[in-house]
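Encoded as structure tokens, the structure appears first; notes follow it.
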Amino acid sequence: MGHASLDIARARRDTPGCERVLHFNNAGAALMPRQVLDAMTAHLRLEAQIGGYEAAEQEHEATERVYAAAARLMGCSTDEIAVVENATRAWDMAFYAIPFAPGDRILTCMSEYCSNYIAFLQVAGRTGARVEVVPSDGHGQLDVAALRAMLDERVRLVAVNHVPTNGGLVNPAEEIGRAAREAGVIFLLDSAQSLGQLPTDVRKIGCDILASTGRKFLRGPRGTGLLYVRRDVIEKLEPPFLDVHAARWAARDRYEIRGDARRFENWETNYAAKIGLGVAVEYAIGWGMDAVWERVSGLAATLRERLGEIPGVTVRDLGAVKCGIVTFTVEGRDPREIRRRLGAQGANVTASLAEYARLDMEQRRLAGVVRASVHYYNTEEEVERFCRLVATMA
Ligand SMILES: Cc1ncc(COP(=O)(O)O)c(C=O)c1O
């Protein structure tokens with residue numbers, strides 16, 4: 001099928017979960033490769049044997065590798081990377097650091113994620129800033145011309161997702177970045193659903209801040225997240241929380257915040273998970289993001305095509321460019337019921353409900369969709385088997 005550049009058999013051998021499940025829930029949490037699992041369990045064992053602080057000291061190099069790996073993956077420098085608990089916390093630590101004033105405008109997109117939008121509402125309520133939604137174009141992606149028309153000196157932030165939670169849409173991140181840069185506005189990109197499936201170069205995109213997560217397409221452990229903040233922006237953002245890792249208690253009445261992106265981290269962390277995330281990012285780089293993207297987008301296109309042939313099934317993905325997330329509805333069926341029934345047959349998907357991306361789902365009058373998300377280790381045979389299962393429920 002034109003995906004010859006990836007050794008799928010090796011990818012599956014590296015992935016113990018492939019033997020047990022048909023995993024189309026990579027946008028929820030992908031299956032970890034055994035390299036990640038082994039590195040994490042080894043560290044947990046070491047903690048139990050010699051003590052947590054002592055294990056961290058002994059494995060200092062292993063815990064540091066995640067910074068260099070993430071920087072390589074995103075095309076930035078190591079001091080622009082912070083490792084936190086998840087994408088939401090990464091996003092929050094940067095967003096809540098932006099000093100909004102009454103009348104400031106926050107521009108976002110129709111498909112924005114629930115947690116981000118809740119934060120917009122909270123901050124708007126506290127500060128008098130306004131949240132405004134850039135309309136979508138005919139493909140369903142953010143309309144860049146409309147964004148350009150909305151940008152003025154009152155816009156303080158452009159905050160959008162690269163890929164939304166509820167569909168295959170890929171927003172035109174580079175064009176959005178260009179428009180924001182030309183207007184001199186901070187650009188915050190939510191890459192929770194894109195990092196690990198799309199080649200992502202923060203310099204090319206031109207974002208000032210990027211937030212992502214470890215467990216989804218990066219195949220890292222749960223409870224891990226990555227934050228990129230551009231060098232020139234770091235010192236302008238005072239994190240909403242500070243501790244002895246983010247800052248130094250320099251005198252009785254004075255603290256000094258550290259100069260790198262680790263000012264957005266906190267002191268105590270899950271070292272095994274941090275090591276695992278580093279291994280996961282290195283593992284992703286090892287496959288090559290261009291090859292991963294070709295494989296993932298190709299497999300998802302096949303899945304969309306096959307699902308579209310099933311009577312009663314409607315594929316729901318928007319976008320001029322579509323990624324590894326495939327969403328659909330089955331006439332007369334609740335997506336949660338489909339999820340449950342597929343799960344009982346060993347096929348993992350999720351149900352994406354309206355409130356996870358309310359603006360978009362309400363506009364399309366959708367209460368929910370079934371979300372089937374593929375990764376490079378999935379196969380054409382799994383796509384066929386999955387569609388046969390769906391056909392029995394339609
Ligand atoms: C588009 C989008 N942004 C942000 C998040 C939040 O990521 P996390 O659960 O790691 O905080 C998600 C999670 O599903 C998401 O789909």
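Order of appearance sets the numbers: ligands from 1, and atoms from 1 within every ligand. Computed from heavy atoms alone, side chains included, the values below leave out hydrogens, waters and symmetry copies. In this text, all values refer to a predicted model and were calculated from it rather than measured experimentally.
Atoms of ligand 1 lying under 4.0 Å from at least one heavy atom of T213, given by number and element, are 10 (O). Every atom of ligand 1 with a heavy atom of T88 under 4.0 Å away is listed here by number and element: 6 (C), 7 (O), 8 (P), 11 (O). Of all the atoms in ligand 1, the ones that sit under 4.0 Å from a non-hydrogen atom of A87 are 7 (O), 8 (P), 10 (O), 11 (O). Below 4.0 Å from some heavy atom of V163 lie the following atoms of ligand 1, by number and element: 1 (C).
At least one heavy atom of R215 sits closer than 4.0 Å to an atom of ligand 1. Heavy-atom separations between K216 and ligand 1 include at least one value shorter than 4.0 Å.
For the residue pair D317/T327, the side-chain donor-acceptor check at 3.5 Å is satisfied. With no hydrogens or angles considered, no side-chain donor-acceptor pair links N116 and N161 at under 3.5 Å. A donor-acceptor pair shorter than 3.5 Å cannot be found between the side chains of T379 and R12.
Y113 CE2, 3.3 Å is the protein heavy atom nearest to atom 5 (C) of ligand 1. Counting only heavy atoms of the protein, atom 3 (N) of ligand 1 lies nearest to D190 OD2, 2.5 Å.
Salt bridge annotation for R295-E380: present, with a cationic side-chain nitrogen under 4.0 angstrom from a carboxylate oxygen. In summary, R178 and E182 do not engage in a salt bridge, as defined by a charged side-chain N under 4.0 Å from a carboxylate O.
Here's the thing with R371: none of its N/O atoms is less than 3.5 angstrom from an N/O atom of ligand 1.
Aromatic ring orientation, W267 versus Y53: tilted (interplanar angle from 30° to 60°).
For Y117 and W91, the gap between ring centers reaches or exceeds 6.0 Å.
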